[in-house]
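Provided herewith is a single structure, encoded as structure tokens, for subsequent inquiry.
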Amino acid sequence: MRPLKLGINIDHVATIRNARGGLHPDPMRAAILAQEAGADSITIHLREDRRHIIDSDVFEIAGGLVIPLNLEMAATDEMKEIALKLAPEAVCLVPEKREEKTTEGGLNVIDVQDNLREFISELQDNGSRVSLFIEPNEMQIKAAHYTGARAIEFHTGRYCEAVEKGDYTAASECLSDLHIGARLAASLGLDVHAGHGITYDSVTEIARIPEISELNIGHFLVGEAIFIGLKDSISKMRQIMDDARRVSF
Ligand code: PXP
């Protein structure tokens, strides 16, 4: 059975800290707890406006983990400089708009594929595996492959939103796009990841897509931690993912 890795995004621990200023709750402490709960990697998104994770978090977390760090960032010169200095195991390139609440959709790789090729090769030559956060769309997948990125991460937001609303027609269309996209990406030799908006209710069908090798999950687990604690919220997600994977192989 192909293992399915779980990356934990701890951005929103920093969101809560920043709501008051000060040091609590500490994202580093959350990263260590997630590691102890069985996370395969920690994801943090350093946004241009530093609304949650700040530069000092990035360097502290990078230096304090046993498991790999996945740095999410926009493809800007400022972020490239930080990533080159830090050399995290993984970098995920995401689109970023100041006015958005979260990363609302995938990157439009087609429009910037030539620029991205150079940007990605610098990061990958520096030892970071680069993934591109995209919609499960044939043209985007082919463009991502052209850039030389080793991985793609599918934006699962539309699927998860349809599940949450109980719109099963839309959910099944989105799921089909994810299956078709994952098959195409894997056939091109790309590692296939997925993330955004995943909850206990939406994770099973995503985890059953055999080509997907990694899920990155944040907001729901940090929210659930208020009720059951961070370790338990992560362990429960891990259990549902493992059960889904067992049934489908
Ligand atoms: N993967 C990527 C590339 C993201 O941008 C995000 C959200 O920041 C996530 C995964 C995690 O999404 P969520 O917080 O909704 O679980």
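The figures here come from the full heavy-atom set of this structure, side chains too, leaving out hydrogens, waters and symmetry mates. Everything quoted here is computed from the prediction, not taken from an experiment. Remember, it's 1-based here, ligands and their atoms both numbered in the order they're listed.
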Check: Thr43/Asn9 side-chain N/O donor and acceptor closer than 3.5 Å: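 No.
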With heavy atoms of Asn9 as the reference, note each atom of ligand 1 found under 4.0 Å away.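 Once the distances to Asn9 are compared, the set is 8 (O).
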Do Asn126 and Gln124 pair up side chain to side chain, a donor and an acceptor below 3.5 Å, judged on atom types alone? no
Could you list the atoms of ligand 1 found under 4.0 angstrom from a heavy atom of Val94? 3 (C)
Step by step, would you call Ile209 with Leu175 a side chain to side chain contact (heavy atoms under 4.5 Å, CB included)? CA-CA 9 Å; Ile209 300 172; Leu175 192 61; 4.3 Å; yes
Would you tell me whether Tyr146 and Asp114 have side-chain atoms, one donor and one acceptor, within less than 3.5 Å of each other?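 Yes, a side-chain donor-acceptor pair sits under 3.5 Å.
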In terms of side-chain geometry, is the basic nitrogen of Asp243 or Arg246 positioned less than 4.0 Å from the acidic oxygen of its partner?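 Yes, this pair counts.
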Ligand-side contact atoms (ligand 1) for residue partner Gly218, heavy atom cut-off under 4.0 Å: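 Those qualifying, in numeric order: 13 (P), 14 (O), 16 (O).
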Among protein heavy atoms, which sits nearest to atom 7 (C) of ligand 1, and what does the distance come to when rounded to 0.1 Å? His196 ND1, 3.6 Å
Distance-only side-chain donor-acceptor flag, Asn216 / Glu153, under 3.5 Å: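 Side chains of Asn216 and Glu153: pair found under 3.5 Å.
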With atoms numbered from 1 as shown, which atoms in ligand 1 lie under 4.0 angstrom from a non-hydrogen atom of Asn216?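 Atoms satisfying the 4.0 Å criterion: 10 (C), 11 (C).
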Using 4.0 Å as the upper bound for N to carboxylate O, is an ion pair formed by Glu81 and Lys85?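 No, no charged N to carboxylate O under 4.0 Å.
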Could you tell me if His179 and Glu211 have a donor-acceptor pair between their side chains, going purely by distance under 3.5 Å? no
Between Glu153 and ligand 1, which residue portion shows a heavy-atom distance shorter than 4.0 Å: side chain, backbone, both, or neither? side chain
In ligand 1, which numbered atoms sit nearer than 4.0 Å to a non-hydrogen atom of Ile217? 16 (O)
Is Phe220 in contact with ligand 1, taking contact as a heavy-atom separation below 4.0 Å?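 No; Phe220 lies far enough from ligand 1 that no heavy-atom distance drops under 4.0 Å.
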Report the nearest protein non-hydrogen atom to atom 6 (C) of ligand 1: residue, atom name, distance rounded to 0.1 Å. Glu72 OE2, 3.7 Å
Numbered atoms of ligand 1 (with element) below 4.0 Å of Gly197, judged on heavy atoms: 12 (O), 13 (P), 15 (O), 16 (O)
Against heavy atoms of His219, which atoms of ligand 1 measure under 4.0 Å?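 Once the distances to His219 are compared, the set is 13 (P), 14 (O), 16 (O).
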